[in-house]
2 protein chains.
Amino acid sequence: MRLSDIITEMILKLIDESDQNVAEIQRNELAAMIGCVPSQINYVLTSRFTPEHGFKVESRRGGGGYIRITKITMDRSNALMHIINSVGSSIDSASARVLIENIQERELVCEEAAEVMKAALSNNSFKDIPVNVRDQVRAAMLKQMLVSQL
Amino acid sequence: MRLSDIITEMILKLIDESDQNVAEIQRNELAAMIGCVPSQINYVLTSRFTPEHGFKVESRRGGGGYIRITKITMDRSNALMHIINSVGSSIDSASARVLIENIQERELVCEEAAEVMKAALSNNSFKDIPVNVRDQVRAAMLKQMLVSQL
DNA sequence: TAGTCGATGGTCAGTTAAAGTCAATATCTA
DNA sequence: TAGATATTGACTTTAACTGACCATCGACTA
């Protein structure tokens with residue numbers, strides 16, 4: 001059995017045992033328990049606990065640091081997830097705007113958040129970004145912002 | 001639990017209990033009560049009770065010395081304007097994140113909006129933007145987003 | 001009134017305790 | 001066997017914590 005699978009199972013088990021769909025781990029501790037290098041934990045997190053997989057990962061460095069993995073379950077989040085997955089690797093300005101207005105109307109995000117998203121994606125913000133990567137950057141950013149609302 | 005968190009909570013509680021948004025402590029006494037070195041109190045004060053966090057700290061040495069921590073209250077849009085004006089034409093990722101966390105803590109924007117801002121400015125979103133314009137784009141975008149919340 | 005002494009708080013450089021990144025290498029799988 | 005996936009470990013960054021030494025204040029005393 002692969003290391004990655006062992007780590008994945010451990011984390012899933014921790015989430016399952018918690019009543020909040022959250023697992024809070026200490027990277028070094030978990031690595032020691034499993035017997036792998038700490039950075040392997042990062043690999044698993046970035047390859048299998050991504051937003052696309054329905055997870056949110058937060059962390060803090062320094063003494064008393066931690067990594068918190070949350071499983072997304074709610075309806076609103078499901079709808080958002082669906083939208084996130086529908087955004088490809090590139091999106092033009094007009095489509096992005098329509099999309100944001102749509103999720104706002106459906107009350108998937110609050111008005112303030114929607115305003116911030118529109119501001120972030122505005123032409124004004126993008127004017128120094130080379131044209132050839134704009135739509136790509138916009139898509140990545142849009143997804144990142146939507147994920148933050150899960 | 002971290003020492004810093006314990007100290008932070010103690011101070012916040014003292015402020016909360018006072019009717020003037022002020023806590024007055026004796027450094028050595030508090031340190032002894034918690035069981036840490038006195039300078040740890042300073043660490044907490046400089047890392048979590050700064051003006052950016054909305055606090056003012058005054059102190060006096062010598063016999064009968066004290067440390068007085070005051071919570072500043074300011075009108076929301078004035079505070080936001082002040083912050084927008086303090087952002088130059090370029091800002092690095094870490095500074096931007098700190099800034100957003102501050103305005104969130106001070107409740108100048110709602111949590112959702114702050115999350116969106118952090119997501120938009122994350123390194124992840126900026127991956128495809130040429131390094132030489134990143135900080136510039138970030139500053140423009142940050143200001144644009146803050147303005148959207150006025 | 002000047003000096004000094006005890007009681008405070010302040011500073012800073014160094015240590016420890018995390019987590020993050022990245023490039024090199026290994027292993028699988030189509 | 002080529003390309004995707006997995007694994008490793010050296011190096012980086014961030015946050016918390018400590019202790020030795022410094023600065024300031026107030027009171028007391030010669």
Side-chain angles (χ1 to χ4, degrees), chain A residues 1-11 23-50 52-53 55-70 144, chain B residues 1-11 14 23-53 55-70 92-102 105 118 121-128 131 134:
Chain A
M1 188 161 195
R2 295 210 264 5
L3 253 184
S4 314
D5 293 338
I6 295 172
I7 297 169
T8 302
E9 276 185 18
M10 279 238 180
I11 295 173
E24 198 164 302
I25 64 170
Q26 298 234 275
R27 192 181 74 150
N28 292 344
E29 193 182 295
L30 184 60
M33 201 187 309
I34 289 166
C36 66
V37 293
S39 60
Q40 180 67 13
I41 309 290
N42 294 79
Y43 172 69
V44 171
L45 289 176
T46 54
S47 65
R48 316 220 227 261
F49 289 86
T50 65
E52 283 80 7
H53 284 93
F55 293 92
K56 185 170 73 168
V57 176
E58 301 159 289
S59 68
R60 176 142 169 205
R61 304 188 189 192
Y66 59 82
I67 300 179
R68 182 163 46 226
I69 304 113
T70 311
Q144 206 72 34
Chain B
M1 190 164 193
R2 295 195 211 73
L3 261 182
S4 317
D5 293 339
I6 296 171
I7 296 169
T8 302
E9 276 183 20
M10 280 217 157
I11 295 174
L14 286 173
E24 199 164 300
I25 63 173
Q26 297 234 275
R27 192 180 75 149
N28 291 344
E29 190 184 299
L30 183 60
M33 198 188 310
I34 290 166
C36 66
V37 293
S39 60
Q40 180 68 15
I41 308 291
N42 295 80
Y43 171 68
V44 171
L45 290 176
T46 53
S47 64
R48 318 222 224 265
F49 289 87
T50 64
E52 288 76 21
H53 285 88
F55 293 93
K56 182 173 72 170
V57 175
E58 300 159 290
S59 66
R60 180 122 144 233
R61 305 183 189 197
Y66 59 83
I67 300 179
R68 182 164 47 223
I69 303 115
T70 312
D92 66 68
S93 161
S95 310
R97 208 195 65 236
V98 168
L99 186 146
I100 294 170
E101 271 157 14
N102 285 338
E105 229 168 76
K118 282 192 274 187
L121 298 179
S122 75
N123 284 327
N124 230 327
S125 306
F126 275 61
K127 258 190 182 110
D128 295 326
V131 177
R134 273 188 203 173

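Proteins get letters first, then strands, A, B, ... in listed order; numbering begins at 1 in each.
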| note | To the nearest angstrom, the CG-P distance between B:L30 and D:dC17 comes to 14 Å
| said: Measuring from the side chain of A:S4 (C-beta onward, heavy atoms only), which nucleotide among C:dG20, D:dA6, D:dA15 has the closest atom? | reply: D:dA6
| request: Send over the distance from B:E24 CD to C:dG9 C1', rounded to a whole Å. | output: 13 Å
| field | Distance test, side-chain N/O of A:S59 to OP1/OP2 of C:dG20, below 4.0 Å | value | yes
| Taking the side chain of B:A94 as its heavy atoms from C-beta onward, which of C:dA18, D:dC17, D:dT14 lies nearest to it? | D:dT14
| query | Base, sugar-phosphate, or nothing: which does B:N28 touch, judged by heavy atoms less than 4.0 Å apart? | reply | sugar-phosphate
| When the nearest nucleotide of DNA chain D is assigned to B:M1 and to A:S47 on a heavy-atom basis, which residue is associated with the more 5' position? | A:S47
| message | Regarding C:dT8, can its base be found pairing with the side chain of B:R27 as donor and acceptor, where the two atoms are less than 3.5 Å apart? | response | no
| remark: Whole-Å distance, A:I41 CD1 to C:dA19 P, equals 10 Å
| task | Take the protein atom CD of B:Q26 and the nucleotide atom C1' of D:dT24, then report the distance between them rounded to whole Å. | result | 15 Å
| remark: Value for CD (A:Q40) from CG (A:L3), rounded to nearest 0.5 Å, stands at 5.5 Å
| Base, sugar-phosphate, or nothing for B:G63, non-hydrogen atoms under 4.0 angstrom? | base
| task | Output the distance between atom CD1 (B:I11) and atom CD1 (B:I25), rounded to the nearest 0.5 Å. | result | 5.0 Å
| message | Once you apply a heavy-atom cut-off of 4.0 Å, does A:R48 come out as touching a base, just sugar-phosphate, or nothing? | response | sugar-phosphate
| message | Tell me whether the side-chain N/O atoms of A:R2 come closer than 4.0 Å to OP1 or OP2 in D:dA6. | response | yes
| said: Rounding to an integer number of Å, can you tell me how far A:Y43 OH sits from D:dA10 P? | reply: 21 Å
| message | Donor-acceptor pair, distance only, cut-off 3.5 Å: does the side chain of B:S125 make one with the backbone of B:L121? | response | no
| said: In this structure, how many angstroms lie between the P atom of D:dC17 and the CZ atom of A:R61, rounded? | reply: 18 Å
| Measuring from B:E29:CD to B:I67:CD1, what's the distance to the nearest 0.5 Å? | 11.5 Å
| Atom pair CZ (B:R48) and OG1 (B:T50), whose distance is rounded to the nearest 0.5 Å | 11.0 Å
| task | For B:F49 and D:dA16, give me the distance from atom CZ to atom P, rounded to whole Å. | result | 13 Å
| d(CZ, A:R60; P, C:dG20) in whole Å | 13 Å
| task | With the side chain of B:Q40 defined as its heavy atoms from C-beta on, choose the nearest nucleotide among D:dT14, C:dG9, D:dT18. | result | D:dT18
